[in-house]
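This report concerns only the one structure given below.
In what follows, chains are A, B, ... by sequence order, proteins preceding strands, each numbered from 1. These numbers come from the heavy atoms of this one structure, side chains and all, not from hydrogens, waters or symmetry mates.
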2 protein chains.
Amino acid sequence: MPNPRKPAPVGAEHAPLELEHFLPYRLSILSNTVSQAIADDYQRRYDLSVTEWRVMAVLARFHGLSAREVAERTAMDKVAVSRALARLVEAGRVHRETHDGDKRRSVLNLTEAGWLIHDDVAPMARNREREVLAKLDAEEQEWLTRILDKLLAH
Amino acid sequence: MPNPRKPAPVGAEHAPLELEHFLPYRLSILSNTVSQAIADDYQRRYDLSVTEWRVMAVLARFHGLSAREVAERTAMDKVAVSRALARLVEAGRVHRETHDGDKRRSVLNLTEAGWLIHDDVAPMARNREREVLAKLDAEEQEWLTRILDKLLAH
DNA sequence: ACGTTATAGTTACAAATGAAACTAATTGCA
DNA sequence: TGCAATTAGTTTCATTTGTAACTATAACGT
């Protein structure tokens, strides 16, 4: 009987995936490359993780959110948000108080220190985005927006 | 003096990022959603991680690679590959021998058992890709390919 | 040939992440 | 009212991952 641990003789019948043309794989490479480039700008400088930065970014836009609302807006799960908030509050970057009529909920806002970081990091992030988009001409950029809109639609 | 842990009064001068229109964020959401859908197909069934599946996919296409070559082709780092290979060899899905003229290198191939898994998972992965692309019309699909080619170039 | 440097791969340890259990507060409803 | 079910958020524990250090072999330069 054939030993299953031996390398198998290869016929032509297998049809392997070609990763370099496989959409999920290409998206993953691109996403990681871009996110990492941005993260490199602030991780060392501010000791700030990607999840923490995302939490700060939504709190910059929407004031007084609860942790659950932050989770919804960042597409992160509530445990990740809880941990990010613990660090951000500890570092004095986010202010947390208890919601008036509902003691389970927190009311979250950036502190002055949080805003200073935000106002430094946000332009860097936008620059990185611009660098990526600069590889495309105007028409391609429009298609990309449209395609992402469709692929991300609920 | 102002207490830095208090929530800051917000002026109009901050220009927060709009995550829902921010390319890196959208790519990240899309990539995770798609990869997770595929992973759901095989993780439970075969106790196979995403990194292990990627290693199997390249070994299906290229026979007798070394671990370093697998790392190059998967864009994973060598430690991740080493760990994935340890599990795959242990599970009898990959055969590992030592390279003839260079005892540092391994020579990797799928086993018969590995091929059986590959031949089941590869079509499922292709189906998921097709489902994603089905949200786009033919013209959009062509633009997406072209755009990813440009963004991923060197 | 011999010492230095580089390469292939693994191991060890710390940090990040995920799933489930948990606490506390609120809501729904008999 | 009172009790079950839900919701917000945290904690715990196991697994994964990332970085650096390490072992073994090979290549290079003199």
How many Å lie between [atom1] on [X] and [atom2] on [N], as a whole number?
{"X": "A:N32", "N": "D:dT17", "atom1": "CG", "atom2": "P", "value": "12 Å"}
{"X": "B:D100", "N": "D:dA26", "atom1": "CG", "atom2": "P", "value": "11 Å"}
{"X": "A:W53", "N": "C:dA16", "atom1": "CH2", "atom2": "C1'", "value": "21 Å"}
{"X": "A:H99", "N": "D:dA8", "atom1": "NE2", "atom2": "C1'", "value": "12 Å"}
{"X": "A:E97", "N": "D:dA8", "atom1": "CD", "atom2": "P", "value": "18 Å"}
{"X": "B:Q43", "N": "D:dT16", "atom1": "CD", "atom2": "C1'", "value": "12 Å"}
{"X": "A:K103", "N": "D:dT10", "atom1": "NZ", "atom2": "C1'", "value": "19 Å"}
{"X": "A:Q36", "N": "D:dT19", "atom1": "CD", "atom2": "P", "value": "8 Å"}

Does [X] place a side-chain N or O at less than 4.0 Å from the phosphate oxygens OP1/OP2 of [N]?
{"X": "B:R68", "N": "C:dA8", "result": "yes"}
{"X": "B:S82", "N": "C:dT10", "result": "yes"}
{"X": "B:R96", "N": "C:dT10", "result": "yes"}

So what does [X] hit on the nucleic acid, given a heavy-atom distance under 4.0 Å: a base, only sugar-phosphate, or nothing?
{"X": "A:K78", "value": "base"}
{"X": "B:V79", "value": "base"}
{"X": "A:S66", "value": "sugar-phosphate"}

Using 30° and 60° as the class limits, which term best fits the ring planes of A:H118 and A:W53: parallel, tilted or perpendicular? parallel
Measure up the B:W115 and B:H63 rings against each other and bin them: parallel (under 30°), tilted (30 to 60°), perpendicular (over 60°). perpendicular
On DNA chain D, check which nucleotide each of A:R83 and A:S106 is closest to and give me the residue with the more 5' one. A:S106
Which sits closer to the 5' end of DNA chain C, B:D102 or A:A80, going by the nucleotide each is nearest to? B:D102
Does this structure show an ion pair linking B:D47 with B:R87, if we count only N-O contacts that are shorter than 4.0 Å? yes
Charged N to carboxylate O under 4.0 angstrom, A:E142 versus A:R146? no
Return yes if the base of C:dT7 and the side-chain atoms of B:R104 contain a donor-acceptor N/O pair under 3.5 Å, otherwise no. yes
Between A:F62 and A:R73, is there a cation-pi geometry (under 6.0 Å to ring centre, at most 45° from the normal)? yes
